[in-house]
Every structure is written in structure tokens, then in C-alpha cells.
Participant: 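What follows is a single structure, and I will ask about it in a moment.
All figures in this text were calculated on a predicted structure; none of them were measured in a lab. Convention: sequence-line order gives letters A, B, ...; per-chain numbering from 1.
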There are 2 protein chains.
Amino acid sequence: MDEIDRTIVNLLRADGRTSYAELARRVGLTAPSVQDRVAKLEKNGVITGYQAVVDPEAIGLGITALIGIIPDSSADHLAICDKLGAIEQIESCYFLAGVECYQIKVRVPKMADLEQLIHRVAGIGGVAQTRTTITLSTKWEDRPQPIPTGEVEHGVD
Amino acid sequence: MDEIDRTIVNLLRADGRTSYAELARRVGLTAPSVQDRVAKLEKNGVITGYQAVVDPEAIGLGITALIGIIPDSSADHLAICDKLGAIEQIESCYFLAGVECYQIKVRVPKMADLEQLIHRVAGIGGVAQTRTTITLSTKWEDRPQPIPTGEVEHGVD
DNA sequence: GATGGTCCGGTCGATCTCGTCCACTCGTCG
DNA sequence: CGACGAGTGGACGAGATCGACCGGACCATC
């Protein structure tokens, strides 16, 4: 994970379809060696995939909500997580330090779908309460921040 | 936005580097027509970009936190948003319906960076209070959900 | 302390696939 | 009938990919 790798990752985060030839030009290597580096970054779990970024509204997912999940005292966190994972409308799921043990981000087409979804989440065993916040607008999302320079080691190369 | 477009978008959300030739094979068209469709999807704002998905821990961003922002009564929401936009550690920013007018997701290398970041956010004019929750783990993030079939129109084609 | 083997990362060149442009076809609609 | 949108097929240049080769770092041996 040297400076060149960081540059490659930054370029691929900004545009995931950048060709190896283009990456090579940017970092001053040849295409095969860039390809080799990218393959290693993928193998080492630094790059875990590539996604097209899609406007949720354009595909009929106009409503976004954040839902905090408060477990009851005897809840099995992992069981809750499994159940949450089966709900495909949940795009993200964070395990939190706090009263709300999870926060999930969901997208649905209509308010009725959100209502149904909240009932489904609230019905999961071990869930005592949910707290839903509607997002009025998404200012930005998944904005890649520059990779911090490795002045301090953090265990991955 | 027909069934073929939905398939293309689903494929590109699952793997943003899928070649046009491969997409063409999957949807039963030729590469040029797929390319044409993708270009239109990009032009119409359905596909807004492509990103490599990177493991934050692997690039030294081991700490993720969610911060709720509570404005004071006279706050200018847009001004706050501009200031937030200038902070590169903020990966996502949602405008909410609720006491907390924004929720932001931040990533930093160390706790000290988080502390500094919270102070910076709290110091923005119009911000009365912040509420920070540390994420202990990210169960999943940006999981693409299937595009709902357009049984109901939603204004974008 | 010099020598030789090995490994790692890179380059180079050949080949095959892919991207891209253009001309043509076909069905639809005015 | 003509125009248009969407797709096809072919051609050509660019990119991806593979194998062979090269040079430096490292290490053990002599």
C-alpha cells in the first residue's frame, strides 16, 4: 500500500470504470503492472467491489428513511441482524454504541411501503422499539474522501 | 426505462465494471445498443457515476460515526450545509425531518480526529448542538436493492 | 566480503477481446 | 410516404491480458 496504490484507489473511487490503460498513464506505470496492483488490492480486501451509482428517485425509490432500533433487554443482537439482512429495502445497517443498537437506512417507493416496513422491523423478535426519521433530502452520499497518508501504520498493506 | 434498462442497471449496481459486451450477452442485445442505453441512462441522471467500493479500515479510516446536528432557532440551513460540505471527512449528509436537521456520517483514522471533527462541526454558525454515535461495526452498506418494477409511474424514464 | 539463487515488481511484445463509429434495416407513427 | 427511434453487423482502433524477459533487493553460501 504505497503512494501509487493510494492514487489508484482514489482514481477508482472517483470513477470505477477507469481503464487500466488510463490508470497506468496517471500513475506512470504500464497497464499490466497497474492491473497487477489492482488485482492485489482486490485480493487483500482493500477494493471489495465496483458499483454504479444510481439516483434512487430515478428508479422509483423516492423515500429514504433512517430507523433506529432499540432492543429489549434480553435481545439477541446477531439474530436481529440476520432478520434485518433478509429485508432487502435496508440498504445499510450499522451496529451502534448507544440505546439504539442498530441504525438502518431504508428506501421505498411510497409512504405505505415505509409503514409496512416499519411494522416488519418492529415485529422482529428482540426489537422493543423503533425510531424512524424521514430524510427530506440527501445532500450527498458516499463521497469518497482522500486516503490518509500512511504516516501512522494501521496494519494493512 | 423498460425491463432491459432495469436489468442493465441492476447488473451495473452489482458490478460497475461489467463490460458492454457482457451486458449485451446478459440482456440479449448487441454491445452498441447496450452502450447506447447506458449512455442514455447516464444522460437522464439515472446512473450518476461509478465507484470502487473500498474497505474503510483497509485505508486507515477505522472509525465511523453518525452525528446528528441540532440547529438553533435562527439557523440558516443552507449555510450549515455549505459548511458541512467543506469538511471532507463527511461521507454522507442527510437533511432530516426532526429536531436534528442533519445527520452526517463521518470516517476518521483515530479517536482524536473524531474529537477534532466534532468540535469543528459544533463550531459552525447556527449549530446549537451535536449528538454523536460511534458505530461499533458496519453490518453492510450500500447494498443495492432490486429496482421496483414500474407498475406505478414515477415520472422518470 | 564477494557470489549466486530467488523473489518481487516492472517492462515489452503478441494476441485476443472490447469499445466505438458508421451504414443499413425494420417497425411505428404522423 | 417520409421521418424517427432502436437495433444489427462490420470495421477499425484501443484496451486487456498473457508469457517471456529484465533488474534490483535480499539471503545464504562459499
Participant: So, A:Thr135 side chain and A:Thr64 main chain: donor-acceptor pair closer than 3.5 Å or not?
Facilitator: yes
Participant: With respect to the side chain of B:Ser19, which nucleotide from C:dT20, C:dG9, C:dC18 is positioned closest?
Facilitator: C:dC18
Participant: Determine the interplanar angle of the A:Tyr102 and A:Phe95 rings, folded into 0 to 90°, and report it as parallel if under 30°, tilted if 30 to 60°, perpendicular if over 60°.
Facilitator: tilted
Participant: Does CD in B:Gln116 sit with more than 12 non-hydrogen atoms of other residues, nucleotides or ligands closer than 6.0 Å?
Facilitator: no
Participant: Do the side-chain N or O atoms of A:Lys40 get closer than 4.0 angstrom to the phosphate oxygens (OP1, OP2) of C:dG9?
Facilitator: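 Checking C:dG9 against A:Lys40, a side-chain N or O does come within under 4.0 Å of OP1 or OP2.
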Participant: Do A:Ile134 and A:Met111 make a side-chain contact, defined as non-hydrogen atoms from C-beta onward lying under 4.5 Å apart?
Facilitator: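 Yes; the side chains approach each other to less than 4.5 Å.
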Participant: Is it the case that more than 12 heavy atoms not belonging to B:Arg17 sit under 6.0 Å from its CZ atom?
Facilitator: yes
Participant: What's the CD1-C1' distance between B:Ile8 and D:dA6, to the nearest Å?
Facilitator: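 Between C1' of D:dA6 and CD1 of B:Ile8: 13 Å.
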Participant: If you only use heavy atoms from C-beta on, which nucleotide in D:dA6, C:dC18, D:dA16 is closest to the side chain of A:Tyr20?
Facilitator: D:dA16
Participant: Through what angle, rounded to 10 degrees, does the axis of the helix from C:dG1-D:dC30 to C:dG30-D:dC1 turn between its ends, using five pairs per end?
Facilitator: 20°
Participant: Rounded to the nearest 0.5 Å, what separates atom OG1 in A:Thr130 from atom CD in A:Gln103?
Facilitator: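 Rounded to the nearest 0.5 Å, the OG1-CD separation comes to 12.0 Å.
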Participant: Using a 4.0 Å cut-off on heavy atoms, which residues in residues 25-35 of chain A reach DNA chain C? List them by number, or say none.
Facilitator: A:Leu29, A:Thr30, A:Pro32, A:Ser33
Participant: Distance check needed: C:dC24 P versus B:Asp36 CG, whole Å only.
Facilitator: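 Roughly 19 Å, once rounded to whole Å.
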Participant: B:Arg143: what forms a side-chain hydrogen bond (donor to acceptor under 3.5 Å, both in side chains) with it, not counting sequence neighbours?
Facilitator: none
